[in-house]
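As C-alpha cells, the structure follows; a few thoughts come after it.
Source: prediction; values computed, not measured. Within every chain, numbering begins at 1; the chains are lettered A, B, ... in the order of the sequence lines, protein sequences first and strands thereafter.
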Amino acid sequence: MRKEVYITDYNCVTPLGFDVSSNWNALLQGESGVVKHKVIENQEPFYASLIDSEKLENEFQKHFENKDFTRLEKMFLLSLKPLVERYNLTKETAFILSTTKGNISLLKNQTTLPEGVFLSNLAQKLADFFGFKTKPIVVSNACISGVMAIAVAKNMIQAGKYKDAFVVAGDEITEFVISGFNSFQAIGTEPCKPYDKNRNGINIGEATAAVYITSELTQNEKFSFKILGDSAINDANHISGPSRTGDGLFASIRNAMTEAKVSAEKIDFISAHGTATIYNDEMEAVAFNRMELQQVPLNSMKGFYGHCLGASGLLESIISMESASHGTLISSKNFEEMGISQPLNIIKENQLAEIKYILKTASGFGGCNAAIVLEKC
Amino acid sequence: MKKTDICTIEHSKIIVNNEVIFENQTETFSEFAKEAYKNLALNYPKFHKMDNLSKLAFLASEVILKDEDHSRTALVFANKSSSLDTDFKYQESINSQENYFPSPAVFVYTLPNICVGEISIKHQMQTENAFFILDEFDEKFLNDYSEQILQSGKADKVLCGWVELYQESYKAFVYLLTL
C-alpha cells in the first residue's frame, strides 16, 4: 500500500494580492491582474499581469529586514514565509523549487555568469534563509514546472525519501521572456481570451506560489487535498508547437486518472492550461475530448493572471483547491464565443458546485505536458 | 535496479561501456559534436539546428537508445547550468537597443528540458519526462526518482543522466535503468 500524500496548506503572491484570501476575493469579483504596462524601455506598452514593485517592496519591508534579495527572491520569500512558520523543518522535509527562468534578469549586459542566475544557487539561498535541512531540488520543465513539482513531492514522499515537502514555484516578467515570446509573435495585443473565437495570443504574468505537502495529517488542518495521481508525458512531436493530436496531454491525463483510480465521469472540475494561442487551446480540446472530459466544467486562469510560466501550474492548482473549498467554480475570464473545433464545458459565470475531484493540467515548450488529480478530503 | 549501457562524453571523447567509441582533437564542442555526428553516421539533419546542450544530450542518448523500441522508456535528466549557455547567447541578442535581434530559433532553446524533447522526438518516446537542476551530479537522487517511476509502472526503463554544458566546458553521463 502506497503512502497517501496531501496538500494541507498554501499561499501565493500575485498582482491580485499577497495572500490566498485576497486573491480569492479578487477572483470572485472578476478582477484581473492583466493591465496595459510599459515594461521595457523603448518598446510599446503591452498587456501583462505585473506585480506593482512598490507594493511588493512595502510588503517585503513589513516582513523582512532589508537584505540583499532580487525582486523575484522577494516574491519567493513572501509566499513561503507564512507556510514555513507553521511547520517544523526536519531532515525529512524536502524543499522543491520550480521555475522556468529564475533570476534570468541578472544576465543583462554581463560578460560572465552571475552566481544568482544558477537555479541551484537561487534555491540554496532561499533554503538557507529558512533553514531547510535537506538539499533543494529544482524542477525546470518549462511551463509545466509548477504542476510537476507537486508530482515530484508526492512521488518522493511515496518512495519514502521524505515525510513532507515545501513546494514553491515562481517566475517574473523580464525583458528576456517578453522579447522571446514576442519573437514567436505569440503575445496578444489585448487581454488574452482563452478558448475564445476572437483570441489573439497570450499575456505574460508573474507570481510565486507555495504549497505544503505531507504524508502525516495532524487533524489540525483547515483543509486537505489528497494527490491521487500524476503523469508528465512528452508529445514527441515538436519542440515549440503543441501536438495536433494532443497525444502527450491525453496520455498524461490518462495515466494520472488511472493511478488515481478516478474515471472521467467522476472529475468535477478541470483547471486547464488555456494560454489563448490557437494551437494550445485546440490541442487541449482534442486531448480532453479523447478522454471524454468535454462535459466537465473547465476554466483557464490566464485571463486573470496571464501566463506565469513555471509558476502558473502551482498557482492555478491553489486556486482550484480554493474553488473546491468554497464550492464555487470561477468563470474562465474573457471567454465569450467558442473558438475551438471540439466541445468543452467552459465556465462562463461563477457558480456554486460541489467539487471533490480536480484535474489540473499544463503543457509547455519541449512538447512537455503534465496532469495531476486531486481529491478534496 | 540494474544499470545497463553507460555513456560518458567529455574531453572530446565518447565512451560507451568503458570503450572509447569516438574521439578527436577539435578545439570546440561544436566541432567535436559535428565530427561525432558524422562518425556515428547518425543521419538526422535536425541535429544541426539544435543548441549545444541538446547536441550533447542527443549524442549520449543516441549511442544508448540505438534503434530499439523505447515506447516505454522514461527520460530523467539533470544538470547544473540549465540552459544558460543558450540563455547567454540569447541575452546578447537583446542587450542593446541598436542591436536588438531576438530570434525564436534561439529562444526556444532557452529551456533545459528542450533536449529531452529532442530525444523524445527522435525515438518517438511519448513517455514520462523530467528535468532537474542540481548544484552537482547526484546519482542517488536521479536513481531514486527513476526507481519510483519504474515501480509505479509508468515506464519499463529510464534513460537517466547528467548533461552539463556551458560554453566549452561539458560533461554527459547517461545510462539506462531497469528494475
Note: vs chain B, highest number of non-hydrogen pairs under 4.5 angstrom among Ser252(A), Ala159(A), Ser231(A) is Ser231(A)

Under a 4.5 Å cut-off applied to non-hydrogen side-chain atoms, are Phe131(B) and Cys368(A) in contact? no

Side chain from CB out, backbone as N, CA, C, O: work out which of these in Glu175(A) comes under 4.5 Å of a heavy atom of chain B, or both, or neither. both

Okay, Asn141(A) and chain B: the region with an atom under 4.5 Å from a heavy atom over there is both

Below 4.5 Å from any heavy atom of chain B, which atoms of Ala232(A) appear? Answer side chain, backbone, both or neither. both

Ile239(A) vs Glu118(B) side-chain heavy atoms within contact, under 4.5 Å: yes

Rounding to 0.5 Å, atoms CG (Leu107(A)) and CG (Leu84(B)) come to a distance of 6.5 Å

Bottom line for Lys161(A): the part with an atom under 4.5 Å from chain B's heavy atoms is side chain

Mind checking whether Phe107(B) and Phe176(A) have parallel, tilted or perpendicular rings, split at 30° and 60°? tilted

Where does Gln185(A) contact chain B at under 4.5 Å (heavy atoms): side chain, backbone, both or neither? neither

From Asn155(A), Asn255(A), Asp230(A), residue fulfilling side-chain hydrogen bond (donor to acceptor under 3.5 Å, both in side chains) relative to Lys154(B): Asp230(A)

Is the backbone of Gly180(A) close enough, under 3.5 Å, to the side chain of Tyr90(B) for a donor and an acceptor to pair up by distance? yes

Could you tell me whether the side chain of Gln124(B) and the main chain of Ala236(A) form a donor-acceptor pair under 3.5 Å? yes

Honestly, the part of Thr99(A) sitting under 4.5 Å from a heavy atom of chain B is neither

Backbone of Asp135(B) reached by a side-chain donor or acceptor of Lys135(A) within 3.5 Å: no

